[in-house]
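Read through the structure below, which is laid out as structure tokens, and then see the notes.
The chains referred to below are lettered A, B, ... by the order of the sequence lines, with proteins before strands, and numbering in each begins at 1.
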There are 2 protein chains.
Amino acid sequence: MATQEERKRATRRKIMDAAGDLFAHRGIEATTTEALLSAAGVSRGAMYHHFDSREDLVAAVYEEEAAAAIARAAAREPGGLSARERLLAGCLAWLDEVSRPGVARILIEDGPAALGWRRCRRIEEQYSLGRLTAALRWAVDTGEIRVASVELTARLMNAVLAEAALIVIAVNDQAEVRADVEATLRALLSGLASPSKT
Amino acid sequence: MATQEERKRATRRKIMDAAGDLFAHRGIEATTTEALLSAAGVSRGAMYHHFDSREDLVAAVYEEEAAAAIARAAAREPGGLSARERLLAGCLAWLDEVSRPGVARILIEDGPAALGWRRCRRIEEQYSLGRLTAALRWAVDTGEIRVASVELTARLMNAVLAEAALIVIAVNDQAEVRADVEATLRALLSGLASPSKT
DNA sequence: CGGTATTACCGACAAGCAGTCTGTAAAGTG
DNA sequence: CACTTTACAGACTGCTTGTCGGTAATACCG
């Protein structure tokens with residue numbers, strides 16, 4: 001047979017994959033461990049050997065999804081813009097990634113409900129919120145925008161993007177809303193512009 | 001004994017009061033129906049006679065809390081300002097009301113997690129979100145601000161206020177953060193100002 | 001290579017929980 | 001005063017998460 005390391009990774013992967021799939025399609029809350037175990041083809045004992053609790057498994061899936069989304073968004077960001085344009089582009093790229101129903105369900109709808117917003121934020125800090133904070137700080141450092149607090153502004157913008165994603169996925173004509181969101185984000189951001197450099 | 005109507009209202013009140021108290025202090029998720037029943041001094045049968053499910057009870061408490069918060073906020077709004085200043089003042093008044101730990105826990109932290117954001121939004125539409133939309137529309141009608149979509153902007157601002165409340169209650173020096181939030185809101189709103197009337 | 005330790009996994013079981021269901025008693029109705 | 005309707009009571013059920021003693025496979029060691 002395989003080494004312990006390989007067995008471990010394979011089993012963990014089976015659990016995470018089945019969980020990611022069920023969470024995205026049926027919702028996190030609605031997915032019982034029982035359903036998950038039979039979907040993954042894994043025993044209850046195996047699951048609790050890999051994860052201390054159901055919540056820890058949810059957190060692991062959440063984190064993986066967050067990392068994947070930010071990676072995809074980062075891969076499409078254009079270069080050679082002003083810091084402010086880059087900030088906006090980054091926000092929109094993330095919004096588009098997270099506007100897919102399965103992703104939104106895990107990262108925005110069910111995730112925070114299942115894990116609590118504190119735990120989600122701790123995870124997000126390393127991903128979307130972290131990138132957003134960095135982009136914002138960069139724009140502040142170049143003098144293009146001025147804010148009372150970078151951390152505060154980043155969290156407020158993050159909240160806006162999450163809400164925007166919920167709106168986009170809930171609506172029929174996504175393109176129209178998407179355009180309105182972009183216009184609104186642009187307007188709001190213009191309010192942060194430094195007086196000298198509008 | 002009393003009339004049926006009186007008995008009914010009294011029992012319902014006992015349940016709602018106990019629920020509101022436990023939800024605010026221990027959290028919604030952490031409050032079992034068992035604990036609730038003994039705190040309210042009411043039988044399981046009585047509770048399920050008044051509410052179809054635990055979730056319905058949560059929704060009732062949520063709605064009552066939302067109505068109370070918006071009423072308190074509305075009572076302190078100053079008059080005689082421009083529509084834009086009034087919009088900002090309304091936002092801050094609501095933020096202050098909702099920045100009390102018990103209120104925030106029910107309306108922002110645990111409520112949406114327990115009820116799902118869709119159901120919460122449906123309730124909020126009649127309260128905070130409704131007022132915010134109206135204030136925003138008024139500012140648009142007077143020509144002081146311009147937005148791509150009133151509904152969209154209202155929901156994004158609502159999300160900002162909710163996140164701001166979470167930040168305020170989580171921090172030690174609330175006054176400082178509160179001031180930063182006000183400054184940031186003012187800046188963001190200035191981005192919505194009509195070009196003609198800055 | 002034989003024995004022991006460690007690790008991955010198994011699955012029956014326990015305990016807590018929301019919700020149900022059969023009663024009962026009090027108030028309303030004609 | 002019969003009868004209905006309504007408010008409430010509480011034992012019970014089924015589902016769900018997490019546990020725990022046990023097993024089998026790999027890793028380590030002399």
Whole-Å distance between [N] [atom2] and [X] [atom1]?
X      : N       : atom1 : atom2 : result
R13(A) : dA8(C)  : CZ    : P     : 17 Å
L57(B) : dA18(C) : CG    : P     : 11 Å
R26(A) : dT16(D) : CZ    : P     : 12 Å
E29(A) : dC15(D) : CD    : P     : 17 Å
L36(A) : dG11(C) : CG    : C1'   : 17 Å
D52(A) : dA8(C)  : CG    : P     : 13 Å
I28(A) : dT17(D) : CD1   : P     : 13 Å
Y48(B) : dC12(D) : OH    : C1'   : 14 Å

Practice task
Go through the steps for T142(B) and E144(B) under the test side chain to side chain donor-acceptor pair (under 3.5 Å), then give the verdict.
Solution key: CA-CA 6 Å; T142(B) 64; E144(B) 290 173 56; 3.0 Å; yes
Exercise for the section: Search all heavy atoms of R86(B) against all heavy atoms of G80(B) and return the closest pair with its distance. Expected result: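 R86(B) and G80(B) have their closest heavy atoms at NH2-N, 3.1 Å.
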Practice task
Would you name the heavy atoms of S43(B) and L37(B) that are closest together and state the gap between them?
Solution key: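 Scanning both residues completely, I find the closest heavy atoms to be O-CD2, 3.7 Å.
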Sidechain N-carboxylate O distance under 4.0 Å for [X], [Y]:
X       : Y       : answer
R186(B) : E85(B)  : yes
D56(B)  : R119(B) : yes
R155(A) : E151(A) : no

Are any side-chain N or O atoms of [X] and backbone N or O atoms of [Y], one a donor and one an acceptor, separated by less than 3.5 Å?
X       : Y       : result
E163(B) : A159(A) : no
S194(B) : G143(B) : yes
R100(B) : E97(B)  : yes

Fill in the blank from the handout: Its contact letters, B for base, S for sugar-phosphate only and - for none at protein heavy atoms under 4.0 Å, make nucleotides 6-11 of chain D read SBSBBB
Please list, pair by pair, any protein nitrogen or oxygen found under 3.5 Å from a nitrogen or oxygen in nucleotides 22-24 of chain C.
none

